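Presented below is the structure to which this report refers.
Below, chains carry the letters A, B, ... as their sequence lines are ordered, and counting in each starts from 1. Note that this is a predicted model, so its numbers are computed, not measured.
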There are 2 protein chains.
Amino acid sequence: MPLAPHQLGTYFALSEAVNLLQHAVEQQLRAEGDLSLIQFELLARLADAGRLSMTELADGVVYSRSGLTYQAGLLEKAGLITREPSPDDERATLVTITPDGLERVQRVLPGHVEIVSRMLFSPLTEQDTAELGDIMTRVRDHMRASPPRSSIRKRKARDSR
Amino acid sequence: MPLAPHQLGTYFALSEAVNLLQHAVEQQLRAEGDLSLIQFELLARLADAGRLSMTELADGVVYSRSGLTYQAGLLEKAGLITREPSPDDERATLVTITPDGLERVQRVLPGHVEIVSRMLFSPLTEQDTAELGDIMTRVRDHMRASPPRSSIRKRKARDSR
DNA sequence: TATTGTTATACTCTATAACTATA
DNA sequence: TATAGTTATAGAGTATAACAATA
């Protein structure tokens with residue numbers, strides 16, 4: 001089924017707007033907190049959850065395990081997180097945010113929020129925001145429920161080893 | 001002004017969904033056409049416009065000039081575009097898509113469209129799509145009209161040299 | 001055997017600054 | 001002086017495969 005013309009326009013506007021927003025946010029995080037977007041997301045998740053295993057931390061960040069190890073290494077070297085073996089499962093590593101890490105998140109959060117408010121929400125009514133949230137929540141849940149073919153391929157390839 | 005709770009949820013759903021979609025699209029473009037998303041976007045713009053200067057090509061792709069030169073170098077080496085000096089303005093470089101480049105775009109387009117249809121649009125009604133398009137078009141135009149502070153800083157820095 | 005995580009490695013991408021040439 | 005584009009270079013991010021250790 002080909003895309004209808006209005007679908008194409010919707011897709012382009014969506015991609016372009018999110019790219020512009022992410023680009024602006026990356027500049028802000030780098031300037032005010034010396035953090036990449038992914039590092040901020042990891043810290044924000046930890047600030048919310050307190051302590052997570054590497055696998056839990058990777059969930060939702062769409063990341064290879066080695067990539068997460070790399071980023072965790074940077075954050076640990078910067079003193080923003082600590083890693084320790086889990087007592088429950090000795091294969092697992094528990095990641096904890098440090099006071100410095102919390103301080104860093106709090107430092108960049110106002111600027112982050114200000115940009116998102118100004119760029120994304122300022123031209124929207126409350127009803128727009130609610131509709132957008134409803135639509136994108138449905139889309140996200142749909143995507144999470146039906147993984148792309150690449151994941152299926154990977155699972156099949158792994159299964160047939 | 002802090003974000004209202006429902007704004008935060010909207011922002012997260014939006015970011016996460018677009019990230020998942022882009023990740024899937026990148027896998028598909030790489031697998032079926034050996035192209036990065038940016039290379040595909042550049043080729044698609046050229047397929048539509050036929051011939052563009054480097055500056056025109058950069059518009060909308062949010063890219064440093066050197067980054068565009070790098071990507072154009074890759075595409076030219078792959079035989080998908082050609083570059084030639086402009087007769088009108090000898091500083092400018094005109095970029096043209098080759099028959100091979102067009103063929104490459106056409107090769108990956110069906111898979112691309114299929115993924116976007118399945119991941120983004122399949123859980124949406126026509127009205128959802130229209131609303132999403134309307135909202136994101138407004139947001140995108142707003143972002144384009146009011147550039148982020150970093151651009152202002154750059155202009156001011158340049159002006160005061 | 002499967003899972004958790006790390007390491008080694010190679011590659012891609014991106015940004016900055018310096019540079020050339022034209023307007 | 002400003003603009004179009006390239007180059008050199010350095011750093012960051014990413015992915016794959018091989019690996020060790022535990023479940």
inquiry  = Tell me the interatomic distance from Leu94(B), atom CG, to dT6(D), atom P, rounded to whole angstroms.
reply    = 11 Å
message = In this structure, how many angstroms lie between the C1' atom of dG13(D) and the CD1 atom of Ile38(A), rounded?
response = 8 Å
d(CG, Leu35(A); P, dG13(D)) in whole Å = 10 Å
task = Given side-chain contact (heavy atoms from CB on, under 4.5 Å), test Leu94(B) with Arg83(B) step by step and report yes or no.
result = CA-CA 6 Å; Leu94(B) 290 183; Arg83(B) 280 185 287 186; over 6 Å; no
inquiry  = Regarding Thr137(B) and Asp134(B), do their side chains bring together a donor and an acceptor under 3.5 Å, going by distance alone?
reply    = no
inquiry  = Of the options dA2(D), dA15(D), dT6(D), whose atoms approach the side-chain atoms of Thr93(B) most closely?
reply    = dT6(D)
inquiry  = With a 4.0 Å limit, can you tell me whether Thr69(B) has a side-chain N or O closer than that to the phosphate oxygens OP1/OP2 of dT7(D)?
reply    = no
request  = Return the value, rounded to whole Å, for the distance between atom CZ of Arg91(B) and atom P of dT22(C).
outcome  = 11 Å
Presence of salt bridge, Arg107(A) and Glu103(A), under 4.0 angstrom = yes
inquiry  = I'd like to know if Ser86(A) reaches the base of dT4(C) with its side chain, counting only an N/O donor and acceptor under 3.5 Å.
reply    = no
note = Testing dA15(D), dA17(C), dG5(C) for proximity to the side chain of Ser66(B), the answer is dA17(C)
request  = Could you walk me through whether Tyr11(A) and His112(B) pass ring pair (Phe, Tyr, Trp, His ring centres under 6.0 Å), step by step?
outcome  = CA-CA 12 Å; Tyr11(A) 170 51; His112(B) 187 112; 5.7 Å; yes
message = Between Met136(A) and Leu132(A), does the side-chain contact (heavy atoms from CB on, under 4.5 Å) criterion hold? Intermediate values first, please.
response = CA-CA 6 Å; Met136(A) 294 316 295; Leu132(A) 179 61; 3.8 Å; yes
inquiry  = Can you measure Leu68(B) atom CG to dT7(D) atom C1' for me and round it to whole angstrom units?
reply    = 14 Å
ask   = Whole-Å distance between dA17(D) C1' and Arg65(A) CZ?
value = 11 Å
key: Spacing between Glu26(B) atom CD and dG13(D) atom C1', to the nearest angstrom   = 12 Å
task = Would you mind checking if Glu56(A) and Arg51(A) are paired as a salt bridge, meaning a charged N to carboxylate O distance below 4.0 Å?
result = no
ask   = dG13(D) phosphate, OP1 or OP2: any side-chain N/O from Arg30(A) under 4.0 angstrom?
value = yes
inquiry  = Side chains of Thr125(A) and Asp128(A): any donor to acceptor distance under 3.5 Å?
reply    = yes
request  = Check Thr98(A) against Gly79(A) and note the closest heavy-atom contact, atom names and distance.
outcome  = OG1-O, 2.7 Å
Between dT12(C) (P) and Leu29(B) (CG): distance, integer Å = 16 Å
ask   = In terms of side-chain heavy atoms, does Glu131(A) have a donor or acceptor partner in Gln127(A) at a distance below 3.5 Å?
value = yes
request  = With DNA chain C as reference, determine whether Asp89(A) or His23(A) sits nearer its 5' end, using the nearest nucleotide of each.
outcome  = Asp89(A)
Sorted by number, the residues of residues 50-59 of chain A with heavy-atom contact under 4.0 Å to DNA chain C = Ser53(A), Met54(A), Thr55(A)
note = Within residues 70-85 of chain B, those residues having any heavy atom closer than 4.0 Å to DNA chain C are Tyr70(B), Gln71(B), Leu74(B)
note = Ranking dG13(D), dT22(C), dA15(D) by distance to the side chain of Ser64(A), first place goes to dA15(D)
key: Candidate pair Phe121(B) and His142(A), rule ring pair (Phe, Tyr, Trp, His ring centres under 6.0 Å), full reasoning   = CA-CA 10 Å; Phe121(B) 291 117; His142(A) 166 75; over 10 Å; no
